[in-house]
Amino acid sequence: RQLFPGLTITALAVAGAILLRRSCPTGRDRLAIVSAICWVMAACLATIAIAARVTGPWHLDWGWLTISGTAPYKTLSLSAAFAVAAITVSPAMRAAFRERSTLAFYLIAAATLFVCSLGPRPALLGEQVLYEPPYAWLMRLPFFGDAIRVPARFGMLAILALSVAASLAFHHLTSVTRQRVALLMIVCTGIIAEGWMSGLPLPMPPQGVIRVPAEDRSAALMELPLGDVWRDTAALYRVTRHGMRGVNGYNGYEPPSYQVLRRALADRDHTVLDALADFGPLLIAADNRVDRDQPWASFLLTHPDIRHVSEEGNRTLFRLPSKEWRPRVRCASNPLAISAASDAKGQVETAMLTDQDATTRWITPHPQRAGDELILDLGPVQRVCGLIISMGSAAAFYPGTLSVATSIDNMAWETGFDRKTGGYAFRAALRDPARPGLFVPLFGKATRFIRLQIGRSQPEYPWAVADIVVDGQP
């Protein structure tokens with residue numbers, strides 16, 4: 001943090017507030033008296049709150065009247081409310097409102113945004129100081145609590161409003177004094193000093209430029225491991241050095257496809273590499289210092305098309321040539337009704353699997369285990385072209401290794417699909433991030449029962465199914 005951050009512009013804004021106060025008409029009316037009373041109440045309550053914090057909780061019982069000081073932040077909140085009321089009805093504020101004062105507007109905006117930047121539980125030295133501040137009210141609005149996740153972002157707007165207020169104050173101050181040059185020099189010196197002196201050392205830029213042979217520069221580059229904030233940020237920085245397209249990325253919002261990519265790589269699923277190579281040649285830089293139990297180099301070299309390029313320092317560079325990814329496309333739409341569904345616990349509500357609502361889903365109560373299954377009953381025997389299995393909004397909950405079998409009598413089963421699905425889930429999330437769906441071909445098999453089963457355990461992610469569409473043979 002900088003030493004005295006924003007001290008110069010804050011001092012200018014305060015000077016503007018004082019100038020605004022002195023420029024208002026003098027005289028007293030009823031509201032001015034109310035304002036004075038509110039200031040007295042605010043001062044008394046603040047004193048009581050500070051005393052309770054220093055001496056500890058207290059309790060007074062006078063018959064029908066009971067007063068206690070067990071939560072100083074609540075008393076301090078009352079003090080703040082009286083202070084706001086005093087400012088609101090003060091002659092200066094009323095005069096500013098009548099004159100539509102731009103300076104007053106930005107001062108109020110800066111103060112309001114600053115309070116919002118403190119979040120739902122403002123604290124000072126680890127102690128809560130306000131009860132139910134404005135940000136807590138905002139969190140009760142629809143979607144606000146999920147969409148506005150960082151209260152401190154209000155601070156950027158507060159600094160913007162404070163800067164505008166400071167510039168307006170500077171304009172007013174230079175219009176009433178002859179020492180304009182001197183004031184300008186003081187302000188410039190203060191701003192430069194604040195930016196020059198810093199109490200927090202900046203991190204060093206990521207080291208280790210990846211050297212890529214000239215014949216491989218047409219490829220995209222992916223650094224492993226992928227998905228860690230610091231490593232992905234460093235990979236983005238190195239993109240500016242080597243100038244190639246990068247697979248790694250970082251943002252406040254992580255798209256579903258990136259969640260799937262991270263999980264598929266953690267599961268050591270080769271199919272996601274093939275899905276990436278469909279866009280062009282892929283260079284992979286593996287960090288040999290991590291995942292020593294399952295080295296990335298060992299995993300990559302088990303892919304038949306990957307070749308070793310070079311090794312430098314702690315990184316090994318591999319190349320996967322471009323290859324056409326041709327997952328089977330969905331057959332002609334001819335949806336069949338699902339009459340019943342069941343899992344290990346018993347019957348499953350079919351409406352949940354067929355309502356085409358991404359927010360309702362069937363999900364395992366535990367991470368994926370080999371043998372977890374979902375069985376569909378079509379009623380009469382019908383020829384099935386394939387299935388569309390939608391993961392809904394949780395794309396990373398796709399079935400890592402999926403086996404799909406069909407049966408006419410629920411006794412004898414014939415497996416029609418059995419493979420890892422990371423690449424399929426990745427491309428599905430790219431194609432439709434809101435409703436990613438896996439297509440499983442069944443080639444017109446005559447069946448009544450369809451069993452979806454997990455073939456391999458996964459220790460972190462459950463298995464979720466938002467919707468299933470069973471396509472009949474056209």
Side-chain angles (χ1 to χ4, degrees), residues 205-251 253-291 294-327 329 395-396 398 419-433 436:
Q207 301 298 316
V209 177
I210 300 175
R211 293 179 174 83
V212 179
E215 62 272 15
D216 290 324
R217 295 197 63 82
S218 63
L221 178 63
M222 177 172 67
E223 295 190 29
L224 294 180
L226 174 144
D228 176 79
V229 170
W230 299 110
R231 291 183 178 277
D232 282 348
T233 305
L236 282 173
Y237 175 81
R238 280 188 282 269
V239 165
T240 65
R241 304 292 301 274
H242 55 65
M244 300 172 57
R245 292 173 295 170
V247 175
N248 302 70
Y250 172 71
N251 195 298
Y253 168 75
E254 191 176 66
S257 57
Y258 203 72
Q259 298 173 18
V260 174
L261 177 62
R262 181 180 62 237
R263 180 199 155 178
L265 289 170
D267 290 347
R268 301 303 196 266
D269 186 345
H270 282 136
T271 62
V272 76
L273 298 176
D274 296 332
L276 280 170
D278 182 47
F279 296 100
L282 180 66
L283 287 174
I284 307 171
D287 191 336
N288 302 321
R289 295 171 296 181
V290 297
D291 293 335
Q294 293 181 304
W296 287 105
S298 301
F299 159 66
L300 295 171
L301 288 174
T302 57
H303 192 292
D305 298 325
I306 290 181
R307 66 173 178 86
H308 178 274
V309 176
S310 63
E311 191 156 352
E312 182 177 352
N314 296 312
R315 290 189 181 85
T316 305
L317 193 63
F318 300 89
R319 177 185 172 89
L320 176 61
S322 177
K323 59 186 305 181
E324 192 172 3
W325 172 264
R326 282 191 173 182
V329 296
Y398 70 91
R419 65 189 68 178
K420 292 183 176 181
T421 60
Y424 298 90
F426 174 68
R427 294 304 294 265
L430 278 177
R431 183 172 56 250
D432 187 356

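As the structure is a computational prediction, the values presented were derived from the model and not from experiment.
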Problem - Inter-residue atom distance Asn248.CG - Leu226.CG, 0.5 Å rounding - result: 4.5 Å
Exercise for the section: Write down the atom of Met244, the atom of Val239, and the distance for their closest heavy-atom approach. Expected result: O-CG1, 3.4 Å
Exercise for the section: Quick one: list whatever passes side-chain contact (heavy atoms from CB on, under 4.5 Å) with Ala219, sequence neighbours left out. Expected result: Pro281, Leu283, Arg319
Exercise for the section: Could you pull out all residues at least two apart from Phe318 that satisfy ring-ring contact (aromatic ring centres under 6.0 Å, His included)? Expected result: His308
Problem - Point-to-point distance, once rounded to the nearest 0.5 Å, from CD1 of Ile306 to CG of Leu282 - result: 7.5 Å
Handout entry: Distance-minimising heavy-atom pair for Ala285 and Arg315
Key = CB-CD, 4.3 Å
Handout entry: Heavy-atom pair of closest approach, residues Asp232 and Gly249
Key = OD2-O, 3.4 Å
Handout entry: cation_pi(Arg268, Trp296) dist<6.0 Å, angle<=45
Key = yes
Practice task
List the atom of Gly422, the atom of Val260, and the distance in Å for their closest heavy-atom pair.
Solution key: O-CG1, 3.9 Å
Exercise for the section: Indicate yes or no: at least one non-hydrogen side-chain atom of Leu261 is less than 4.5 angstrom from one of Val272. Expected result: yes
Fill in the blank from the handout: So CG of Leu224 and CG of Leu300: to nearest 0.5 Å the spacing works out to 6.0 Å
Exercise for the section: Cation-pi check, Arg431 to Phe426: give yes when NZ or CZ is under 6.0 Å from the six-membered ring centre and within 45° of the ring axis, no otherwise. Expected result: no
Completion exercise
To the nearest 0.5 Å, atom CG of Leu221 lies from atom CD1 of Ile284 at 9.0 Å
Problem - Separation of Leu273 CG from Leu265 CG (nearest 0.5 Å) - result: 6.0 Å
Fill in the blank from the handout: Residue set satisfying side-chain contact (heavy atoms from CB on, under 4.5 Å) with Glu312, at least two apart, ordered chain then number -> Arg211
Completion exercise
Closest non-hydrogen atoms of Pro213 and Leu317, given as atom of the first, atom of the second and distance, are CD-CD2, 4.2 Å
Exercise for the section: Output all residues satisfying side-chain contact (heavy atoms from CB on, under 4.5 Å) with Gln259, sequence neighbours left out; order by chain, then residue number. Expected result: Glu254, Arg262, Ala396
Problem - Residue pair Gly423 / Asp269: nearest heavy atoms and the distance that separates them - result: N-OD2, 4.3 Å
Problem - Single hit among Pro256, Ser257, Pro255 for side chain to side chain contact (heavy atoms under 4.5 Å, CB included) with Leu430 - result: Ser257
Completion exercise
Applying side-chain contact (heavy atoms from CB on, under 4.5 Å) to Arg241 and not counting sequence neighbours gives Val209, Tyr237
Practice task
Output the distance between atom CG (Leu236) and atom CG (Asn251), rounded to the nearest 0.5 Å.
Solution key: 9.5 Å
Practice task
Sorted by first residue and then second, give each side-chain hydrogen bond (donor to acceptor under 3.5 Å, both in side chains) pair with at least one member in residues 272-289; sequence neighbours left out.
Solution key: Arg231-Asp287, Asp274-His303, Asp274-Lys323, Asp278-Arg427, Asp287-Arg289, Asn288-Thr316
